[in-house]
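Just so it is clear: chains get the letters A, B, ... in the order the sequence lines come, proteins before strands, and each one is counted from 1. Note: hydrogens, waters and symmetry copies are ignored here, and every other heavy atom, side chains too, is used.
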Amino acid sequence: MALAAKACRGSVASMMEAELTRAISGALERLGVHVDSSRIGLERPARTDHGDWSSNVALVNAKAARQAPRDLAQRLADELATAGVRHLDRTDVAGPGFVNLHLAPSWLHEVLEAVMEGGTERYARHDLGAGQIVSLEFVSANPTGPLHAGGGRWGAFGDSLARLFRRCGYATITEYYVNDLGAQVLLFGQSLVARMIGDPVPDDGYHGEYVADWASELAGELRSGAGDEDDLAQRLRDAAREAGHAPIPVGTPPEVRFAAAWGIERALRDVRETLESMNVSFAHWQHESELAASGAMDDVFGRLRADNKTRSEADAEWLCTSEYGDDKDRVLYRSNGEPTYFLPDIAYHDAKFSLDRFRRLQQHGGVAGDAAHSDPSGELDLVIDVLGADHHGYVPRISAAMQMLGHPAESYEAIVGQNVTLMRDGKVIELSKRTGTMVEVRELVDAVGPDVARFAFLLQSIDSRQTIDIDLLSAQAAENPVFYVQYAHARIASVARRAESDGVAPVPPRGTDLSPLTGDRELALLRALEVLPSVVEIALRERAPHKVTTWVRDLAAAFHGFYHDCPILHSDVPPEVRDARLCLTEGTRIGLAIGLDLLGVDAPEAM
RNA sequence: GCGCUUGUAGCUCAAUUGGACAGAGCAUCUGACUACGGAUCAGAAGGUUCGGGGUUCGAAUCCCUGCAAGCGCGCCA
């Protein structure tokens, strides 16, 4: 944490904060009060009449200094006022003993200079990660159907979190785990076959509408092939003999395996298209079957057993996860000799730590950010899973397994998000691929567009359950807050166009006199820009992309207010005011572009 | 029963992780420049932050307790 704060010392605000902290520290020394600098709290008050910065030192340290908080505060305020602190206009004492520091607008002008110089690329970019590598896995819905709402939420969240990591100096690899082995895939294949040849779908199979659709799609593909065989079942068998198989248990009829393999690809195509329509993409799609074929499961099991982390009981092989904080031990191999899902999951998570694997995937492209790692024997610094609440019970066992395999406890992190309740016309929709009634993310995106959908997912904290009423969202699409933000961006582009056609020279990135920017609306807008670097840092640290959403709305609001009250290009605006305002406008555009990019939402030139 | 998460304006959600008078958007009501884009702006109204204790200068936030909701607790995945 201390390290993180230090690494962030780039922004104007954090430099100002450091300066003020030093000034307070020095002033206290002169007053004969010794305070550890870590006990000097500085924050930006919610109300502007409480100053630009405010400190609670007097409150926190009054007892140790044997002085009344307000007395100490007053002496500190007086001492600071004459200390010649840069930008410091005046000080006062308020409330129970806060020392409020009022700065001259000049400090905010420095902020705008930094925004202009940094631009979209460098403003609010941090080096917290210093090239560390982070793996993020999210969505990973079973490839047995289209993406449901939860997948949409984790997609938007995971992708934005990855963007935050990259902006903060981490290299990332984003992964989708394709669960193409096991019972669900088998059932999926059986359901497809049943739909094709008119048999009843198994009770515990997949009954959704899409299964019928896809079955007829597959039937169509088979029919369009050569041959005059009318019997669909026979065609399936023929096709199965030649084509690929899903790697599900041997002994399964070949046509089921064939249909399953086809179905998985069909589902994945659907999932991928849907996510990409929301601007979510993955660097790597890891198939479980490929992992199994590589022998990773045997390898991991061997290592765990050699390390005495396993035991046998009732003909099954158990992993002693309870020794690492889990409620109880977990089965790796069932008494019938088959592995549970847990073993491949361990193998996968172990593999994600591998730097070799990361390098291999990096060569295939898709890995983003600059990895500074050079130690070939090292491993990834952080492996993150984004999970729905229905999987939270699984976290302790994976965490335990990772520790057993030698990965530091803090290098595996599970982010558990609350599930999404999807409604249509005020009624809750059951989210189940098996019962058939569900609303797909695709449907949501089609109805309201990708920006509204993505913004909606990122509007609130991942900790709170989310209810999205697809009809309500459609009906109110025009009033959606995303347009409020995008409109601000488009307005700015419009100002630039107007300036050009009026023959006004564009403002250079530096050198513009910003001193005319002293009005309330101008200062409010500058303050909004000022906090972006810390918003980015906090959003990353708290794994909370929705903080960016909140900020981007605040910035847009500040801009609309400014735009309404402060004419820029009117003929009666003096050139120096005009240029300063143009500068502020461009700075706002930079801020909006950064925020919207982190959210994966388009920043349009016109609407 | 145990564990995780949550409970804030009529509705949907924020709240700088312990700071000052709890803020936005919808919805309701009232206004604004014959417009550098009105998809905008200003104002009004709306609160016992689920209840009850506690900690301290200070609590929506931390502790205890009760209530309510979601999820999890398999040799299923």
Side-chain angles (χ1 to χ4, degrees), chain A residues 41 43-47 49-50 54 56 58-60 62-63 68-70 94-98 100 142 179 181-185 204 313-318 327-328 330-336 338-342 344-345 388-396 416-419 421 456 459-469 472 476 478-481 483-488 490-499 501-502 504 521 531 534-535 538 541-542 546-547 549-550 553-554 556-557 559-571 573 578 581-582 585 606-607:
Chain A
E43 62 178 16
R44 276 155 290 201
R47 304 165 58 89
D49 50 310
H50 289 152
S54 177
N56 61 2
L59 286 164
V60 176
K63 205 169 280 179
R70 275 199 70 107
F98 289 102
N100 293 337
N142 276 341
N179 215 304
L181 289 179
Q184 293 308 315
V185 171
D204 51 355
E313 183 190 315
D315 290 330
E317 289 294 327
W318 298 70
D327 292 338
K328 53 186 170 184
R330 307 289 170 175
V331 172
L332 292 174
Y333 280 105
R334 290 188 275 251
S335 49
N336 66 5
E338 292 290 319
T340 63
Y341 77 98
F342 185 35
D345 270 5
D390 52 341
H391 285 99
H392 81 257
Y394 136 120
V395 173
V416 177
Q418 297 303 303
N419 290 332
T421 308
L459 211 43
Q460 51 186 276
S461 157
I462 203 85
D463 286 333
S464 69
R465 245 182 310 147
Q466 187 168 39
T467 308
I468 292 183
D469 188 320
L472 202 62
Q476 299 176 341
E479 287 90 53
N480 194 279
F483 295 132
Y484 181 81
V485 178
Q486 291 183 317
Y487 182 55
R491 261 185 157 174
I492 292 171
S494 167
V495 169
R497 286 191 295 268
R498 178 60 174 254
S501 71
D502 284 1
V504 175
R521 315 237 54 160
V531 294
S534 74
V535 167
I538 290 167
R541 200 171 59 216
E542 298 180 8
H546 79 275
K547 305 232 171 197
T549 316
T550 303
R553 294 175 71 180
D554 286 347
F559 176 75
H560 285 309
F562 158 76
Y563 182 87
H564 190 267
D565 284 2
C566 305
I568 304 166
L569 298 170
H570 287 186
S571 56
V573 176
R578 177 198 66 200
R581 287 178 176 169
L582 274 175
T585 303
M607 296 178 69

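- Remark: A:A316 pairs with A:W318, A:V331 by the side-chain contact (heavy atoms from CB on, under 4.5 Å) rule, at least two apart or across chains.
- Candidate nucleotides B:rA24, B:rU16, B:rC13 were compared by shortest atom distance to the side chain of A:T467, and B:rC13 ranks first.
- When the side-chain nitrogen and oxygen atoms of A:Y394 are compared with OP1 and OP2 of B:rC71, none of them lie within a distance under 4.0 Å.
- Per the geometry, NE2 belonging to A:H564 stands 14 Å off C1' belonging to B:rA39, to the nearest Å.
- The glycosidic torsion of B:rC64 lies more than 90° away from 0, which places this base in the anti conformation.
- Taking the C1' atoms as reference points, B:rU6 lies 14 Å from B:rU49, given to the whole Å.
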Dot-bracket for RNA chain B, 5' to 3', counting Watson-Crick or G-U wobble pairs under 3.5 Å, with [ ] for crossing pairs and | for inter-strand pairs?
(((((((..((((.....[...)))).(((((.......))))).....(((((..]....))))))))))))....
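- Spacing of P atoms, B:rG37 relative to B:rG18, comes out at 46 Å, to the nearest Å.
- Taking the C1' atom of each, B:rC13 and B:rG72 are spaced 26 Å apart, rounded to whole Å.
- Counting non-hydrogen atoms under 4.0 angstrom, A:R578 reaches nothing in the nucleic acid.
- Spacing between atom NE2 of A:H560 and atom C1' of B:rA32 amounts to 17 Å, rounded to whole angstrom units.
- Residues passing the salt bridge (charged side-chain N to carboxylate O under 4.0 Å, His left out) test with A:R491, sequence neighbours excluded: none.
- Look at CD on A:Q466: it is 17 Å from C1' on B:rA69, rounded to the nearest Å.
- Scored by the side-chain contact (heavy atoms from CB on, under 4.5 Å) test, A:E479 finds A:Q476 as partners (sequence neighbours excluded).
- Residues satisfying the side-chain contact (heavy atoms from CB on, under 4.5 Å) criterion with A:R497, sequence neighbours excluded, are A:A493, A:S494, A:E605, A:A606.
- Atom CD1 of A:I492 and atom P of B:rC36 are 16 Å apart (whole Å).
- Here the nucleotide nearest the side chain of A:P45, chosen from B:rA42, B:rA20, B:rA15, is B:rA20.
- In this structure, A:N100 reaches the bases: a heavy-atom distance under 4.0 Å links it to at least one base atom across the strands shown.
- Nearest nucleotide to the A:S494 side chain, out of B:rC41, B:rA39, B:rG37: B:rG37.
- B:rA60 and B:rG31 have their C1' atoms separated by 34 Å, with the value rounded to a whole Å.
- Residue A:T550 places its side chain closer to B:rA14 than to any other of B:rA14, B:rC41, B:rC57.
- Using a 4.0 Å heavy-atom criterion, one finds that A:A46 contacts the bases of the nucleic acid, with or without backbone contacts as well.
- When rounded to the nearest whole Å, the span between OH of A:Y487 and C1' of B:rG37 equals 4 Å.
- Taking 4.5 Å as the limit, every side-chain heavy atom of A:N179 sits out of range of all side-chain heavy atoms of A:Y341.
- The shortest distance between side-chain heavy atoms of A:P96 and A:L59 falls below 4.5 Å.
- In this view, A:F98 satisfies the ring-ring contact (aromatic ring centres under 6.0 Å, His included) rule with no residue, not counting sequence neighbours.
- Residue A:K63 places none of its side-chain N or O atoms closer than 4.0 Å to OP1 or OP2 of B:rU56.
- The minimum heavy-atom distance between A:H50 and A:P45, with the atom names listed, is O-CG, 3.5 Å.
- At the heavy-atom level, A:N179 lies under 4.0 Å from the strands shown only through sugar-phosphate atoms.
- Atom CD in A:Q466 sits 10.0 Å away from atom OG in A:S461 (nearest 0.5 Å).
- A distance of about 38 Å separates the C1' atoms of B:rG10 and B:rC73, rounded to the whole Å.
- At whole-Å resolution of the value, CZ in A:R553 and C1' in B:rC13 are 8 Å apart.
- Nucleic acid contact for A:Q460: sugar-phosphate only, since backbone atoms but no base atoms lie under 4.0 Å from a heavy atom of the residue.
- Here A:H392 pairs with A:V416 under the side-chain contact (heavy atoms from CB on, under 4.5 Å) rule; sequence neighbours left out.
- Using a 4.0 Å heavy-atom distance criterion, A:P69 is classed as making no nucleic acid contact.
- The side chain of A:I538 approaches B:rU16 more closely than any other nucleotide in the set B:rU16, B:rG19, B:rA15.
- Using a 4.5 Å heavy-atom cutoff, the side chains of A:N419 and A:R465 are not in contact.
- Considering only residues two or more places apart in sequence or on other chains, A:F483 meets the ring-ring contact (aromatic ring centres under 6.0 Å, His included) condition with none of them.
- Looking at residues two or more places apart in sequence or on another chain, you find a ring-ring contact (aromatic ring centres under 6.0 Å, His included) between A:H560 and A:Y484, A:Y487.
- The residue A:Y484 sits close only to the backbone: its heavy atoms come under 4.0 Å of sugar-phosphate atoms, none of a base.
- Looking at heavy-atom distances under 4.0 Å, A:E542 makes contact with a base.
- Between A:V495 and A:F342, the one whose closest nucleotide on RNA chain B sits nearer the 5' end is A:V495.
- Look at B:rU17: its glycosidic torsion is within 90° of 0, and that puts it in the syn range.
- Within the nucleic acid shown, A:D390 comes within 4.0 Å of sugar-phosphate atoms alone, with no base atom in reach, counting heavy atoms only.
- OP1 or OP2 of B:rA35 has not a single side-chain nitrogen or oxygen of A:R498 nearer than 4.0 Å.
- One can place CG of A:L569 at 5 Å from C1' of B:rC36, the figure rounded to the nearest angstrom.
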Can you check nucleotides 73-75 of chain B for protein contacts, nitrogen or oxygen pairs under 3.5 Å, and list what you find?
unit_1, atom_1, unit_2, atom_2, d
B:rC75, O2, A:S335, N, 2.7
B:rC75, O2, A:S335, OG, 3.1
B:rC75, N3, A:S335, OG, 3.2
B:rC75, N4, A:A314, O, 2.8

Can you build the contact string for nucleotides 1-10 of chain B? Use B for base contact, S for sugar-phosphate-only contact, and - for no protein heavy atom under 4.0 Å.
--BBSS----
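- Between A:H391 and the phosphate of B:rC76, there is no side-chain N or O to OP1/OP2 separation shorter than 4.0 Å.
- Considering only residues two or more places apart in sequence or on other chains, A:Y394 meets the ring-ring contact (aromatic ring centres under 6.0 Å, His included) condition with none of them.
- Contact annotation for A:A499: no contact, since no heavy-atom pair falls under 4.0 Å across all strands.
- We find that the ring of A:Y563 and the base of B:rC36 stack, their centres lying under 5.5 angstrom apart and their planes tilted less than 30°.
- Nucleic acid contact class of A:P96 (heavy atoms, under 4.0 Å, all strands): base.
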